[in-house]
Every structure is written in structure tokens, then in C-alpha cells.
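Taking it in order: structure first as C-alpha cells, then the write-up.
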There are 2 protein chains.
Amino acid sequence: MMNAPDSDDTARRPVRADRDDLLGSGSAPGRERADAARNRQRVLDAATELFASGDPRAVTMEQIARAAGVGRATLYRRYPDVASIATALLDDHERDLQQRLLCGRPPLGPGAPPAERLAAFFAAMVDLLECFGFLLLARETGPARYAAGAYDFWRVHVAALLREAGVDGAGPRADLLLGAVDPELYRHQRTRLTPAQITAHLDWLAREVLA
Amino acid sequence: MMNAPDSDDTARRPVRADRDDLLGSGSAPGRERADAARNRQRVLDAATELFASGDPRAVTMEQIARAAGVGRATLYRRYPDVASIATALLDDHERDLQQRLLCGRPPLGPGAPPAERLAAFFAAMVDLLECFGFLLLARETGPARYAAGAYDFWRVHVAALLREAGVDGAGPRADLLLGAVDPELYRHQRTRLTPAQITAHLDWLAREVLA
DNA sequence: GATCAAGTGGTCATGATGTCCACTTAGGAC
DNA sequence: GTCCTAAGTGGACATCATGACCACTTGATC
């Protein structure tokens with residue numbers, strides 16, 4: 001599962017922005033209490049476990065609370081719904097990919113031709129989907145894919161590549177291309193194909209579109 | 001309330017195939033009872049109304065039963081869940097498009113080059129999404145898009161076009177292209193673009209891929 | 001009109017949701 | 001070391017959807 005139960009960097013870094021508001025209120029020490037940090041970790045571990053086994057979209061707040069050994073109100077205090085828990089778990093991994101897109105080495109980062117970079121982005125997306133697809137599916141309960149902040153980032157990135165290649169209407173066309181890496185679609189394809197095969201097909205799409 | 005309790009043409013045409021099974025069982029008269037037909041129509045009307053107003057995925061069996069003025073058990077007798085009601089409502093329209101793909105006039109039907117036919121299919125899909133997108137979204141509660149029988153049809157069709165154009169791995173690549181007409185994605189794009197604009201972008205995709 | 005089964009709707013047990021409130025406890029102040 | 005305060009916690013509650021069960025009603029056939 002997740003490693004390092006004692007790595008308090010995850011506890012120290014607020015997962016939701018509303019923590020910052022709370023920090024501002026206290027006089028001196030807005031620090032997170034030890035028991036709160038412990039329970040937060042329990043919740044995240046239990047949620048990871050639940051998401052990974054079975055249908056991620058069928059996981060309920062009640063199940064997570066029970067598995068983590070905390071009351072439901074404790075859960076609702078920090079996370080309004082299941083999707084936000086999945087988002088918290090995804091945060092690090094998505095930001096990592098975003099960093100590599102912005103200033104990593106080519107072909108993922110700047111420096112390679114657009115077609116190469118798009119293909120590399122697709123490949124990285126397959127990695128993300130393969131490792132954390134269950135989290136991405138868990139997040140898509142209700143408001144869905146396009147409400148998440150990460151989507152906008154992928155969209156801007158792909159649109160920039162299209163624009164760089166001289167394609168008109170980069171924004172909407174980026175949406176169309178991102179449809180190819182929809183978590184639900186990936187799950188569907190994954191029943192028949194290996195990640196490498198899916199990557200190869202996405203590679204074809206990237207090069208065909210940015211000929 | 002609803003009009004025309006005597007309009008039995010809608011009552012006579014079975015919406016789901018399972019009616020045929022019931023017809024075959026009785027000795028002489030497997031006919032649907034008049035009150036059953038009336039209630040069926042009420043349910044379908046009420047469901048259409050509910051799906052169209054507000055979030056189609058938030059509609060519950062309870063709401064439909066109440067709006068239709070029937071008990072919940074009456075609803076469950078014919079439809080196991082909300083998705084199956086949406087499927088029943090979509091049936092005719094999807095079959096109509098399927099017919100036009102198989103034996104309609106070009107460029108939708110046979111006779112035109114693959115790129116043209118793919119573009120025409122995308123355009124027809126936009127029409128379907130525009131008129132009945134709320135039903136398509138309503139169907140995607142839980143088991144989702146790929147469980148519906150219609151998806152396989154679109155997949156086979158697009159794969160055949162790819163194969164005709166000499167593309168390898170037609171099946172999986174058809175999946176990728178169909179990601180561009182995902183109902184959820186369409187809804188998202190529709191907040192910024194007109195159907196005509198979306199069609200134009202899909203046209204670009206079709207011609208770029210089947211260059 | 002009598003009969004029978006299909007059709008109908010109320011009821012029940014179950015489980016999830018989100019909120020509220022009284023209690024506990026961590027961590028700084030003195 | 002003890003006291004205090006507020007953050008943190010968890011049980012309880014009201015609400016709602018689910019899906020199944022069962023007794024009653026009604027339509028179609030004889």
C-alpha cells in the first residue's frame with residue numbers, strides 16, 4: 001500500500017485549503033493535533049484499501065469510516081464526500097506528473113516536437129491510470145471528471161501542444177483527445193489489452209493527429 | 001392527466017424484448033393488459049420529463065413512480081433500475097441511427113469513403129447527443145456506457161471504417177475515437193460550444209485520423 | 001357473470017446520507 | 001504539575017432510496 005506511516009509531511013501539508021482558514025484563526029499554534037493526524041492517516045489508508053478492492057465508485061463514506069475505525073462525523077469534518085478523499089490521495093501523483101510536463105526532460109517536458117510530447121503525455125497518463133486508475137474512478141462519483149482541477153491542467157497542456165503544431169480550435173480539440181484517456185474507457189480497454197498495447201494505440205492517435 | 005388513454009399504438013409496440021417472451025408463454029392471449037399499457041406509458045412520460053429537467057443521473061426510481069402516479073413495485077416489475085428505463089426510451093432512436101448506418105444513404109450509409117463516413121457518424125452522434133443526451137447520461141448510472149448494447153454497435157461500425165481505411169488495431173482504436181463522443185464529455189463541451197462547432201471539431205478529428 | 005392470473009400498491013427491513021450535540025483529550029498557559 | 005480551552009471525536013437522529021414481499025384489485029377469457 002502507501003508507504004511510510006510515520007512520514008508526517010503528509011500530515012503537515014494540508015490536503016484541503018480549508019485547513020489554512022483554520023490555521024489563521026488560532027493565536028499561536030494552528031498545528032494539527034496528533035490524534036487528528038493519526039486519524040487522517042488511518043482514513044487515507046483505509047480508503048486506499050477500499051478503493052483498490054472492488055468497485056471504487058461503490059465505496060461509501062460509511063464504509064471508509066468503519067474501516068478506518070473512526071466515526072462518520074470525523075470523516076465529514078475534513079472530507080465532504082468520497083470524491084474529495086480520492087482527490088486527496090491523487091494529489092501528489094497528479095502534481096508530480098504536472099511538474100514533469102512543465103519542466104521535465106523531453107519528450108514529456110519541453111523541447112521535443114508536439115507529436116512526440118503528446119505521445120509521451122499519453123504514455124504517462126497510461127502509467128497514472130494503471131497505478132491509480134481506481135482512485136480516478138472513485139473521484140468520478142457525481143460531479144465527475146471535468147469538475148476536478150487536474151482535468152483543466154491536462155486540457156491546457158494538450159491545447160498548447162496542438163497550438164504549437166498549428167492546429168486551430170486547440171481547446172475543444174484537446175477535450176476530444178483527452179476523451180481517449182478517460183478512466184472509464186481505460187478500464188474498459190484494460191479488460192482486453194495490456195497497458196503497453198493501449199499506449200501503442202494512443203501513440204498512433206497522437207501521431208495521426210499531429211501529423 | 002396524460003392524454004389519449006385509448007392510443008394503443010404505443011401500447012401495442014413492445015418497448016423491451018422481454019415482452020416477447022411473455023407473449024410466447026400464454027396459450028392464446030399473452031396480450032398486455034390495458035391498464036398495464038396505460039401505466040407503462042405514464043412511466044415513460046414521467047421519466048422523460050424527469051430526465052430532461054435537472055440532472056438525469058440524480059433521478060431515482062422513487063421519483064419516477066411518484067411522478068407517474070404508480071406504486072414502486074409496479075415500476076420494479078418491468079424495470080430493474082433507472083438505467084433500464086432510459087434504455088427503453090433510447091431504444092427507438094438508437095436503432096434508427098443503426099439502421100441508417102447499415103443501409104442508409106451515403107455518407108452515413110455505405111458508399112462513401114471511410115473518412116467521410118466517420119465524420120457523418122460523428123455528426124449523427126452529435127444530433128443524438130443533442131436531442132437525447134440527457135437519456136444517455138441517465139443510462140450511465142453505475143454499470144455505465146460500455147455495458148449498454150448500443151456501444152458495441154458503434155464500436156463495430158467505427159472499427160469497420162478504420163479497417164476499410166487500412167488501419168491496424170481497428171477495435172481498440174475505435175474505442176479511442178468513441179471517447180470523443182462520450183455523453184459526459186459532450187455535456188462538458190456543450191457549455192462552451194454550439195452543436196455545430198462540436199461537429200466541426202469532430203470532423204477535423206475524423207479526417208485527421210483517416211487521412 | 002365467473003374465474004384466474006397478471007397487474008398493482010402499500011409496507012417493511014436495510015443501509016447510506018449529512019447534521020447535531022455532548023463528551024474527550026491534546027497541548028499551551030500559568 | 002494542573003488547569004483551560006478549543007479542536008477533535010463519535011454516537012444519535014431524521015431523511016431518503018432501495019428492493020422485496022404480500023394481500024388486494026382488475027382486466028381478459030371462458
Side-chain angles (χ1 to χ4, degrees), chain A residues 8 11-12 14-16 18-43 46-47 50 54-55 57-85 138 141-143, chain B residues 5-6 8 11-12 14 16 18-19 21-43 46-47 50 54-55 57-85 138 141-143:
Chain A
D8 56 347
R12 198 149 308 185
V15 179
R16 302 288 301 149
D18 58 308
R19 283 235 56 77
D20 297 331
D21 303 343
L22 295 176
L23 289 175
S25 67
S27 58
R31 293 290 285 270
E32 184 181 46
R33 260 168 55 171
D35 55 344
R38 175 176 46 84
N39 277 356
R40 172 201 298 273
Q41 197 55 44
R42 276 190 190 171
V43 164
L50 282 172
D55 185 2
R57 286 167 310 180
V59 175
T60 69
M61 293 289 268
E62 169 115 19
Q63 287 176 326
I64 295 174
R66 209 179 318 145
V70 303
R72 273 214 312 288
T74 305
L75 210 52
Y76 279 107
R77 159 169 291 262
R78 243 187 301 270
Y79 307 104
D81 48 33
V82 181
S84 68
I85 300 179
T141 306
Chain B
D6 58 330
D8 55 349
R12 198 151 305 188
R16 299 289 302 148
D18 58 310
R19 284 238 55 80
D21 305 343
L22 295 177
L23 291 174
S25 66
S27 58
R31 293 292 283 272
E32 184 181 47
R33 258 167 56 170
D35 54 344
R38 175 175 48 83
N39 278 355
R40 169 201 301 271
Q41 197 54 44
R42 277 189 189 172
V43 164
L50 282 171
D55 184 3
R57 287 166 308 181
V59 175
T60 69
M61 293 290 268
E62 169 115 17
Q63 287 176 325
I64 296 173
R66 209 179 320 145
V70 302
R72 275 215 310 286
T74 306
L75 211 51
Y76 279 107
R77 159 169 289 262
R78 242 187 300 269
Y79 306 104
D81 48 33
V82 180
S84 68
I85 300 180
T141 306

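- The nearest whole Å value for the distance from the CZ atom in A/R77 to the P atom in D/dA7 is 8 Å.
- Rounded to whole angstrom, the span from the CZ atom of A/R42 across to the C1' atom of D/dT9 amounts to 12 Å.
- For B/A67, the side chain to side chain contact (heavy atoms under 4.5 Å, CB included) test picks out B/A46, B/L50, with sequence neighbours left out.
- Minimum heavy-atom separation, B/V70 to B/V43: CG2-CG2, 4.1 Å.
- When the side-chain nitrogen and oxygen atoms of A/N39 are compared with OP1 and OP2 of D/dT9, one or more of them lie within a distance under 4.0 Å.
- The heavy-atom pair separating B/A65 from B/R72 by the smallest distance is CB-CG, 3.9 Å.
- Put simply, CZ on A/R38 is 11 Å from P on C/dG27, counting in whole angstrom units.
- Partners of A/A47 by side chain to side chain contact (heavy atoms under 4.5 Å, CB included), not counting sequence neighbours, listed by chain and number: A/F51, A/I64, A/I85, A/L89.
- Rounded to whole Å, atom C1' of D/dG19 lies 15 Å from atom CD1 of B/I64.
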Given protein heavy atoms under 4.0 Å, the one-letter contact record of nucleotides 11-21 of chain C, with B base, S sugar-phosphate only and - none, is simply BB---SBBBB-
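- With sequence neighbours excluded, the residues satisfying salt bridge (Lys or Arg N to Asp or Glu O under 4.0 Å) with B/R66 are B/E62.
- Distance, A/Q41 CD to D/dT9 C1': 18 Å, rounded to whole Å.
- Separation of atoms OG1 (A/T60) and CG (A/D81) is listed at 12.5 Å; rounding is to 0.5 Å.
- In this model, the phosphate group of C/dG7 is not approached by any side-chain N or O of B/T74 to a distance below 4.0 Å at OP1 or OP2.
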